[in-house]
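These notes are about the structure you will find just below.
All values reported here derive from a predicted model rather than from experimental measurement. Letters A, B, ... mirror the listed sequences (proteins, then strands); counts begin at 1.
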Amino acid sequence: MVIDYKIFTMKELDKAYEAKKYEDGIYKKWEESGFFVPENLPDTKGRYVNILPPPNANGEMHIGHASGYVVMDLLGRYHRMQGEKVLLLPGKDHAGIQSQVVYEKKIKKERGITRYDLGREKFYDEIFAFCKDRAQYMRGQEKKIGLSADWFREKFTMDPELVNIVLDTFVKMYNEVDDNGNRMIYQGERIINWCPRCFTALSDVEVEHSEQKAKLYTFKYDKDFPFSISTTRPETKLGDTAVAVNPKDKRYKKFIGKIFEVDFVGVPLKIKVIADHEVDQTFGTGALGVTPAHSAVDWEMARKNDLPIIKVINENGKIHEGFGKFSGMAVGEAREAIVNELRESKLLEQEEDYPNNLSVCERCKTAIEPLVSKQWFVNVDHANFSLKNAARKAIENDEIKIYPERFKDVMLNWIDNVRDWCISRQIWWGPRIPIWYKGEEIVASVDSPGEGWEQDPSTLDTWFSSGQWAYSTLGFPNGNDFKEFYPSDVMVMGRDILPFWAFRMIIMSLYRTGQVPFKNLYFTGLIRDEKGQKMSKSKGNGIDPKDVIDKYGTDAVRLSLLIGNSPGNDLNLSEQKIAGFRNFTNKLWNISRFMLLNIENPKEDIAKPVPATDFDRWILVELDILTARIDDSVKNYNLSCAGESLRLFTWSILADWYLEAAKIEKDKSEILNYVLNTILKLWHPFMPFVTEAIWQHIYGENELLMVNHLPKSPVVARNIYKDGEVVAYNWEYPNKRDQKEAGELKNNIGKLQDIVGTIRVFRANVNIESGKKIDVFISAGDHVEFLKRNAEIIKGLRTGIGELVIGKEIEKPENTVRLYVEGVGVFVDTGNAVDNAQRRAKVEKEIAMKEPYIRQLEHKLSNEEFKKNAPPEVVIGEMRKLNNANDELDQLKTELNYLKNV
RNA sequence: GGGCAAUUAGCUCAGUUGGUUAGAGCGUUACAUUGACAUUGUAAAGGUCACAGGUUCGAAUCCUGUAUUGCCCACCA
């Protein structure tokens with residue numbers, strides 16, 4: 001039977017790639033294939049797991065999220081295409097305080113009500129629904145960016161089964177008691193950061209600092225007090241119990257240890273003078289009023305000196321009962337009243353402007369009040385199990401490898417300075433603390449112990465939940481997923497949450513599972529605008545992923561976030577950059593389009609063909625090297641480098657040279673088929689949509705590139721060691737003959753490219769009209785066989801050569817110009833087509849550049865020290881450079897003479 | 001105050017154990033246009049590698065210091 005292949009000839013690809021036309025359909029196909037679910041992947045070897053960091057379920061995906069997702073998805077797709085059982089587990093965080101703030105604003109605006117109007121239960125239910133709704137919206141955006149996650153396994157930190165695990169951990173930690181009766185989770189009266197608007201305690205990391213204009217007041221408590229003090233917060237002075245001075249300060253030495261009874265604006269205070277070397281003698285009066293209940297530093301001093309603690313400000317930001325006329329006043333009001341009174345009684349000595357660092361709530365920007373409050377804490381250095389030491393050890397021993405490496409030290413430094421962690425929040429949204437009271441009795445229990453027990457009203461810090469994300473999502477401790485997928489291979493997170501989240505995940509996981517949560521920790525930087533400014537809504541300089549995906553396509557956005565980006569460093573992103581990658585996406589599309597026009601009957605599983613020509617051999621060598629380089633780069637999280645080498649190959653090697661040569665050589669169906677398949681596979685993890693679109697166009701809608709396997713390269717990496725450490729690498733074919741042939745081939749092709757390039761430059765420089773043919777003679781030396789074989793290509797690559805003569809040794813023919821290419825002679829007969837003046841100017845300029853270069857080399861080589869100390873190959877290299885340069889200079893001079901005489 | 005990073009072409013960035021006449025992309029300029037692709041091609045212009053010392057035969061690269069910028073931590077009442 002005769003098959004007419006024309007029947008099977010596919011439709012040509014469209015002239016330009018329109019992302020919008022393909023993306024949604026392709027994503028749907030991936031999803032319907034079921035291959036996002038690891039169990040559905042056929043014949044897997046090994047597993048690759050990434051528990052994705054859960055974004056806050058109260059907003060939408062921004063460009064920062066997108067930049068993390070493309071890294072995670074690239075790694076996931078790469079490993080999937082290596083035949084591994086890949087799980088990307090997505091999810092959302094309930095983001096306690098933040099979500100509550102967002103939702104309170106929403107109901108205020110839309111319904112004019114507060115959470116108290118709804119009541120705790122109703123409010124909780126509404127936020128739950130709100131977060132679930134946002135989560136669904138965000139899931140849509142995550143799909144848009146191409147995230148190949150297992151959506152059936154998607155989790156939410158407030159899902160009951162996750163909450164149960166989280167609460168169980170609380171109970172276990174509460175019941176962790178050392179020999180002295182100290183619990184790992186304990187309740188204590190401590191100074192904490194209080195947000196009067198959110199009406200809750202905050203951990204240190206939820207507080208931001210911003211510089212503010214303040215006034216510094218200098219005054220005496222009363223006229224009998226022997227010296228004055230300075231403060232920016234006179235209202236808190238109602239709670240002073242001491243004045244601290246530097247022990248070395250001569251002015252105050254005699255007062256140390258004395259107790260003064262003073263009448264401060266009508267409030268009686270007992271002030272003890274204490275010594276503390278932290279006190280700066282040069283600041284203000286050198287004497288510091290100690291307010292233990294409302295300053296963290298003072299709290300520490302009070303603890304050291306056993307001072308009484310007087311609470312002045314309550315949770316509403318108002319003055320407590322018992323302070324006479326000031327009681328009930330708001331903080332600002334009280335400050336004014338006290339300052340006025342001091343002024344009237346002539347106790348106020350000075351009032352000056354002073355820039356102050358004000359602490360504000362990270363979520364609502366309200367000024368925080370440090371105050372003493374009864375809260376729950378995690379002891380991070382408990383005798384039974386020191387969380388911080390466990391984390392320190394895991395990081396020090398590289399059980400968790402950190403990228404970039406310098407963040408290891410940042411992390412360790414942070415761990416060394418960590419303090420006990422306040423985990424209770426006085427908000428309604430979040431898992432409620434599993435502590436139950438009945439009269440004097442207290443028990444920790446996930447469920448109510450029974451009738452008559454009251455639960456603690458506080459909720460848990462969000463990080464207490466997300467700190468357990470690595471195993472709560474997998475059904476710890478008995479779930480199959482936990483057994484199969486824990487610990488995960490990699491965690492990708494923004495470097496801005498390093499101290500909160502990374503540390504917390506590590507300690508919680510080590511405590512509960514005895515294992516690290518992940519083996520590699522990759523930090524992404526921030527995405528900034530093109531000027532390096534932080535993107536923000538108020539500045540209007542943000543790039544919304546929705547908009548740019550719509551405009552340039554997902555693949556372009558992905559590339560712009562991957563290439564030129566490196567772990568831990570911020571990325572300046574401009575729309576122009578994205579547009580550039582959109583152009584590249586189209587380039588790849590058109591390369592494929594052209595290749596397909598020259599492939600008969602494309603095969604999906606075509607084996608590496610036998611090369612017919614030098615260019616064929618060369619492209620296969622380059623492809624081998626590329627494949628191996630990408631593998632090494634991706635395994636070392638050097639994703640930008642991988643993308644960069646792929647782009648270089650695709651555009652500058654394949655499109656600019658190989659395909660141009662292929663137009664001349666023709667009949668390359670098989671090799672084009674093989675090269676096209678390979679680059680589509682290699683590109684897929686970077687730009688999944690366009691590659692999949694092309695793949696399905698060629699091989700049919702039922703074939704998925706996504707689950708194809710990446711090619712194996714015969715090239716291997718050889719690490720280069722110094723002092724036992726890998727410091728560099730190179731690439732080699734295991735077979736010495738292959739290696740030698742590859743080297744020679746690359747050298748020959750390089751020479752051909754030089755010759756072609758030099759002729760093109762010459763033509764452009766001397767303004768030879770594009771249609772005008774020139775004759776060229778090449779004295780090729782060792783390259784003679786190769787160049788003769790490829791003479792038609794040299795002529796065809798836009799060199800405009802009429803007659804081409806190639807010989808081993810050719811004397812410069814009459815009336816030709818010699819162009820300089822190292823090691824070969826290229827003589828051009830321009831037939832009067834040259835713009836003489838322009839050529840002369842060019843030659844003179846080159847001579848002027850060449851001469852100092854030669855002097856520099858001569859100087860170097862005449863230096864005996866250099867010849868003695870430098871390695872011989874370097875000396876030989878420099879000598880060769882000098883010879884070449886002299887050679888070239890001679891030729892330029894000859895040409896100049898010739899030009900002068902014409 | 002402590003720590004970390006950055007400083008290379010107008011812009012965004014590469015630059016691998018020290019050996020280049022310091023590279024790319026974008027932008028600019030010139031030329032090309034029935035060609036797989038103007039979302040293109042071929043070229044050109046553009047840099048004393050922040051500054052000052054030091055080590056070395058040799059420094060963008062290593063060391064010290066300075067400056068500027070950014071970030072993190074702590075925080076002065």
*Among B/rU21, B/rA77, B/rU12, which nucleotide sits nearest the side chain of A/N572?*
B/rU12

*Pick the P atom in B/rG19 and in B/rA59, then give their distance to the nearest Å.*
11 Å

Any N/O pairs under 3.5 Å between the protein and nucleotides 24-31 of chain B? List them or say none.
{"residue": "B/rC26", "atom": "O2'", "partner": "A/Q576", "partner atom": "OE1", "Å": "3.2"}

_A/E349 and A/T218 side chains, donor-acceptor separation under 3.5 Å_ = no

*Taking only Lys NZ, Arg NE, NH1 and NH2, and the carboxylate oxygens of Asp or Glu, determine whether A/D632 and A/R629 approach each other closer than 4.0 Å.*
no

*Check whether NZ of the Lys or CZ of the Arg A/K663 lies under 6.0 Å from the centre of the six-membered ring of A/F594 and within 45 degrees of that ring's axis.*
yes

*B/rU64 versus B/rU55 - spacing of their P atoms, nearest Å*: 15 Å

*Pick the C1' atom in B/rU66 and in B/rC31, then give their distance to the nearest Å.*
48 Å

*Could you check whether A/R760 gets within reach of a base, just the sugar-phosphate, or nothing at all, counting any heavy atom under 4.0 Å?*
sugar-phosphate

*Who passes side chain to side chain contact (heavy atoms under 4.5 Å, CB included) against A/A579, sequence neighbours left out?*
A/Y552, A/R582

*Go through B/rG41, B/rA45, B/rU21 for me and flag the one nearest to the A/R798 side chain.*
B/rG41

*Remember a base hit wins even if backbone is also touched, and classify A/R763 as base, sugar-phosphate or nothing at under 4.0 Å, heavy atoms.*
nothing

_With a 4.0 Å cutoff (strictly under), does any side-chain N or O of A/N863 reach OP1 or OP2 of B/rC57?_
no

*Give a yes or no on whether a donor-acceptor pair under 3.5 Å exists between the nucleobase atoms of B/rA36, that is its base, and the side chain of A/K663.*
yes

*Test the A/R495-A/W414 pair against the cation-pi criterion, namely NZ or CZ under 6.0 angstrom from the six-membered ring centroid and within 45° of the ring axis.*
no

*Under 4.0 Å: is that the gap between some side-chain N or O of A/K860 and OP1 or OP2 of B/rU21?*
no

*Give A/K408 one of three labels, base, sugar-phosphate or nothing, depending on what nucleic acid heavy atoms sit under 4.0 Å from its own.*
nothing

*Which whole number of Å gives the distance between the P atom of B/rA14 and that of B/rG41?*
24 Å

*Do A/Y658 and A/F649 have ring centroids that are under 6.0 Å from one another?*
no

*asked:* Give me the stems containing RNA chain B, sorted by first residue, counting only three or more consecutive Watson-Crick or G-U pairs with both distances under 3.5 Å; say none if there aren't any.
replied: B:1-7 with B:67-73, B:10-13 with B:23-26, B:28-32 with B:40-44, B:50-54 with B:62-66

_Starting the side chain at C-beta, find the nucleotide from B/rG41, B/rC57, B/rC75 nearest to A/N869._
B/rC57

*asked:* Any carboxylate oxygen within less than 4.0 angstrom of a Lys/Arg side-chain nitrogen, looking at A/R855 and A/E858?
replied: no

_With A/E822 via side chain to side chain contact (heavy atoms under 4.5 Å, CB included) - residues at least two apart_ = A/K751, A/Y820, A/R880, A/N884

*asked:* Check A/D416 with A/K388, please: is the shortest side-chain N to carboxylate O separation under 4.0 Å?
replied: no

*Sticking with atom C1', work out how far B/rG58 lies from B/rG25, rounded to a whole angstrom.*
32 Å

*Mind checking the C1' distance from B/rG70 to B/rA24? Whole angstroms is fine.*
25 Å

*Nearest-nucleotide pick for A/A764, side chain only, options being B/rA43, B/rA77, B/rU21*: B/rA43

*Hey, does A/P871 reach any base, or is it just sugar-phosphate, or nothing, if we go heavy atoms under 4.0 Å?*
base

*Closest to the A/V761 side chain: B/rC75, B/rU42, B/rA43?*
B/rA43

*Kindly write out the residues that satisfy side chain to side chain contact (heavy atoms under 4.5 Å, CB included) with A/N572, not counting sequence neighbours, or none if the list is empty.*
A/R528

*Can a salt bridge be assigned to the pair A/E600 and A/K668 using a cut-off of 4.0 Å between side-chain N and carboxylate O?*
no

_Neighbours of RNA chain B within residues 585-592 of chain A, by heavy-atom distance under 4.0 Å_ = A/N586, A/K587, A/N590, A/I591

*Which comes earlier along RNA chain B counting from the 5' end, the contact point of A/R406 or that of A/N583, where each point is its nearest nucleotide?*
A/R406

*Where the side chain of A/A870 is defined as all heavy atoms beyond and including C-beta, which of B/rC13, B/rA14, B/rC57 is the nearest nucleotide?*
B/rC57

*Do A/K860 and A/F866 meet the cation-pi criteria used here (NZ or CZ under 6.0 Å from the six-membered ring centre, within 45° of the axis)?*
yes

*Find which nucleotide of RNA chain B each of A/V756 and A/E865 is nearest to by heavy atoms, and output the residue with the more 5' nucleotide.*
A/V756

*Would you mind classifying the nucleic acid contact of A/V279 as base, sugar-phosphate or nothing, using non-hydrogen atoms under 4.0 angstrom?*
base

*Check: A/Y22 ring centre within less than 6.0 Å of A/Y17 ring centre*: yes

_Can you tell me which nucleotide in B/rA36, B/rU39, B/rA45 comes closest to the side chain of A/F594?_
B/rA36

_Base, sugar-phosphate or nothing for A/N413? Non-hydrogen atoms, less than 4.0 Å._
nothing

_Starting the side chain at C-beta, find the nucleotide from B/rG19, B/rC13, B/rA77 nearest to A/T231._
B/rA77

*If you look at every strand shown and take non-hydrogen atoms under 4.0 Å, does A/E660 touch a base, only sugar-phosphate, or nothing?*
base

*Choosing from B/rU21, B/rA36, B/rU42, which nucleotide comes nearest the side chain of A/Y853?*
B/rU21

*Take atom C1' in B/rU61 and the same atom in B/rU17, then report the distance between them in whole Å.*
11 Å

*Taking atom OH of A/Y637 and atom CD1 of A/I402, what is their separation to the nearest 0.5 Å?*
12.5 Å

*Ignoring hydrogens and angles, does a donor from either the side chain of A/K881 or the base of B/rU20 sit under 3.5 Å from an acceptor on the other?*
no

*Options B/rC73, B/rA77, B/rA36, nucleotide nearest the side-chain atoms of A/W414*: B/rC73

